[in-house]
Amino acid sequence: MSDRGTLLEKDIRGLDRLELPLGTTDSLARRLWRSAWPKLAAVAMALVVWELVVLSGWQERFVLPPPYEVFETLGELATTDRFWVAIATTLRRAVIGFSVAMGIGTVVGLAVSQSSVFRRAVGSLITGLQTMPSIAWFPLAILLFGLTETAIFFVVLIGAAPSIANGLINGVDHIPPVLLRAGRMLGARGMTAWRHVVLPAALPSYVGGLKQGWAFAWRSLMAGEILVIIAARPSIGVQLQFARELSDSDGLQAFMIVVLIIGILVDIIFGAVERRLRRNRGLVA
Amino acid sequence: MTAAVRVTESARATDRAVEVLGVSKTYGDGHSAVAALEDVSLSIRRGEFVCLVGASGCGKSTLLNLIAGIYRIDKGSIAAKGRVGLMFQEPALFPWLTVERNIETAMRFRKARPDRSRVQELLRIVHLEDFGKSRPHELSGGMQQRTALARTLAQDADILLMDEPFGALDAMTRTVLHDELERIWQEAGLTVIFVTHDVREAVRLGDRVVLLSSRPGRVVDEFDVDLLRPRRLDSPEVTEIAAQVTERLLEQVRSHV
C-alpha cells in the first residue's frame, strides 16, 4: 500500500477511535441489583403501611388481616390442587383471549395503517374503544352469549385489541420517511419492503401496544371471571368471589396477590422485550 | 421501474455512463406550479466524477432522483448505462440491523444471495472491518455514512449518485471522507454524480463542476477541474477555481432580486 494509503487509513482509524464513546458496561449482577432494590424497597414499604393500618385497629382483624397471615394462607393454598387448577383455568383464558385479540388487533392495525379509507372509517373508533372501560361491555356480552366463557373472551378481546391495533398503527405512522426511501432505493418493494423495512421499524411500538393490550386483557378477564361465574370451573375470579361470600378475607387477599404477581410478571416480560428492541435501535440511552 | 436495475442500451456512445437530454420537471400544477428543472442536458462519461452545485432551489436533488428513477420525468429522457445507487445526506441505515446485516440486506433486496466474503470485503474497503457487529447508533456520523456507502456498493452499483452525503458531518471527518471517496472511486472505477452546495468540496472532488441555476434549474456553466489528484481542500489551486465558481454562482443568485 502506498504512503498515502497508509496515511489515509491512519486518519480514518484515528478519527473513529476518537469519536466512539468510551464504553463502560456494568456486570449483569450489578445491573440486576440496581433495578431490583428500589422495587424490593417499595414492596417492603407497602407491607409496613399495611401492617400499621392493621395495628391501628381501623378494621377487625378478620376483615383486614395483617400481611403475614395473608402470606401464610397463600402458602397453605399453594399446596391445594384447587388453587393451581384455578390459576391454570385463568391463565388458559388469558392466553387464548389475548392471542385472539393479538390476531384481530394486528389485522385491523395493518388495514388502518395501509388504507386511508379504513383509517377514516375506524381510526378514531379504535381510540374510542380503547378509552371505554371494558366492564361496560359485560351486560351486553352476557345477553349475547349467556354466562359462558365466550362472553368472557368477547370482553377480553374488546379490551385488548384496540391497544394492539393502535400500537401497530402508531409504529407504522412514525417510521422515518428516509428509511422507507432507503428501502425503495435498495430495491425493496411490496412484501419485501413490508417484511424487511416496515415491520421491523414498527416493532417497538407494536410491542408497546401488546404490553398495554395485555394490561387491558388481564383487567377484563378478572372482571369477567367475577361477573360470569361458571359452575364447577374454579378460576381466580371465582375464588375471589367465593372468598368474599364466605368472608374469607385471608383467602381473598391471597388471591389478589396472585393476580398482582401474574400481572406484573407478564408486564415485566413485555417490558424487557420492548426495552431490548429500543436499546438495539439506539432509542434509549 | 426499478432504479437499481435500470440498464438502458440507448446511451449513445459507449463511454457515456449517463445521458440526460432536455429534461424538465415541474412540481404541482396551475398557479402553484414550480419548475424545478427546465431543459437540462448533461452527459457524463464512464468513470467521471461530476459535481453538481447551485443555490437552494436549483433542483440538484431532483435531478439525482430522476436519474435514480425515483421521480418521474415530465419531459426529456435519461439513459443510465449501468446500475445506479443513490446515497442521501442521512445514512438511513436500518437501526435494527448490525452493520454487516445492513450491507447483506442490500444484496438480499436485489434477490442476490448474501455473500459473506463480499460483505467483509466491503467493510474493509470503508475501513470498518472491526465494526461489522456494531449497531448503527453505536457509530459516529462519519462511520454511519461509510456504512451507507458500503451498502450502496453492495448493490454492485457502478453509477453512484450522492446527494450531499457529507453535509451533516464535521469538517475534519469530511476532509478524510473526501480522500476516502476519491480512493474508492478510483479503485472501483465508479462513475459519481455528487450533489453539494459547498463549492470547494465540488472542486476538491470533481473532474467537472456543473453549475445549476435556481427556479427553474438549468445548466448555466461547467468548469473542468484539471488538477492532479489527490487534491487538498485548502490548496491554492482548489481555492482559485472555487472562487471562480462562487463568482458565477453569486451572479445567478443576484439575478433573482
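These numbers come from the heavy atoms of this one structure, side chains and all, not from hydrogens, waters or symmetry mates. So you know, we letter chains A, B, ... as the sequences are listed, proteins then strands, and number each from 1.
- More than 12 heavy atoms of other residues, nucleotides or ligands shown are found within 6.0 angstrom of CG on A/Leu40.
- Shown here for B/His127 and A/Glu9, the closest heavy-atom pair between the two residues is CE1-CG, 3.2 Å.
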Would you please test A/Leu203 and B/Trp96 for side-chain contact (heavy atoms from CB on, under 4.5 Å) and show each step?
CA-CA 10 Å; A/Leu203 195 58; B/Trp96 54 91; over 6 Å; no

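- Summarising the local packing, CZ of A/Phe118 is surrounded by 12 or fewer heavy atoms from other residues, nucleotides or ligands at distances under 6.0 Å.
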Walk me through whether A/Asp16 and B/Leu128 qualify under side-chain contact (heavy atoms from CB on, under 4.5 Å).
CA-CA 9 Å; A/Asp16 289 353; B/Leu128 284 174; 4.3 Å; yes

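- Neither the backbone nor the side chain of A/Ala193 comes within contact range of chain B, judged by heavy atoms closer than 4.5 Å.
- More than 12 heavy atoms of other shown residues, nucleotides or ligands fall within 6.0 angstrom of atom CZ in A/Arg31.
- Nearest heavy atoms, B/Arg135 versus A/Asn280: CD-O, 3.2 Å.
- Nearest approach of A/Leu179 to B/Pro95, heavy atoms of both residues: CD1-CD, 3.9 Å.
- How far NE2 of A/His196 is from CG of B/Leu97: 9.5 Å, rounded to the nearest 0.5 Å.
- Only the side chain of A/Leu15 has a heavy atom closer than 4.5 Å to any heavy atom of chain B.
- The minimum heavy-atom distance linking A/Ile12 with B/Glu180 is given by the pair CD1-OE1, 3.0 Å.
- A salt bridge links A/Arg13 and B/Glu129; the closest N-O separation between the charged side-chain nitrogens and carboxylate oxygens is under 4.0 Å.
- The 12-atom threshold is not exceeded at CE of B/Met172, counting heavy atoms of other residues, nucleotides or ligands nearer than 6.0 Å.
- Atom CG of B/Asp29 has 12 or fewer neighbouring heavy atoms from other residues, nucleotides or ligands inside a 6.0 Å radius.
- Across B/Gln155 and A/Met185, no two heavy atoms sit closer than the pair OE1-O, 3.5 Å.
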side-chain contact (heavy atoms from CB on, under 4.5 Å) between A/Val197 and B/Phe94, intermediate numbers included:
CA-CA 8 Å; A/Val197 183; B/Phe94 300 125; 4.0 Å; yes

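- Nearest heavy atoms, B/Arg151 versus A/Ala182: NH2-CB, 3.7 Å.
- If you measure heavy-atom distances from B/Asp170 to chain A, the contacts under 4.5 Å come from the side chain alone.
- Proximity to chain B involves both the backbone and the side chain of A/Arg181, based on heavy atoms less than 4.5 angstrom apart.
- Looking at B/Met87, neither its backbone nor its side chain comes within 4.5 Å of chain A, counting heavy atoms on both sides.
- For A/Arg276, the CZ atom counts as loosely surrounded, since its 6.0 Å shell holds 12 or fewer non-hydrogen atoms of other residues, nucleotides or ligands.
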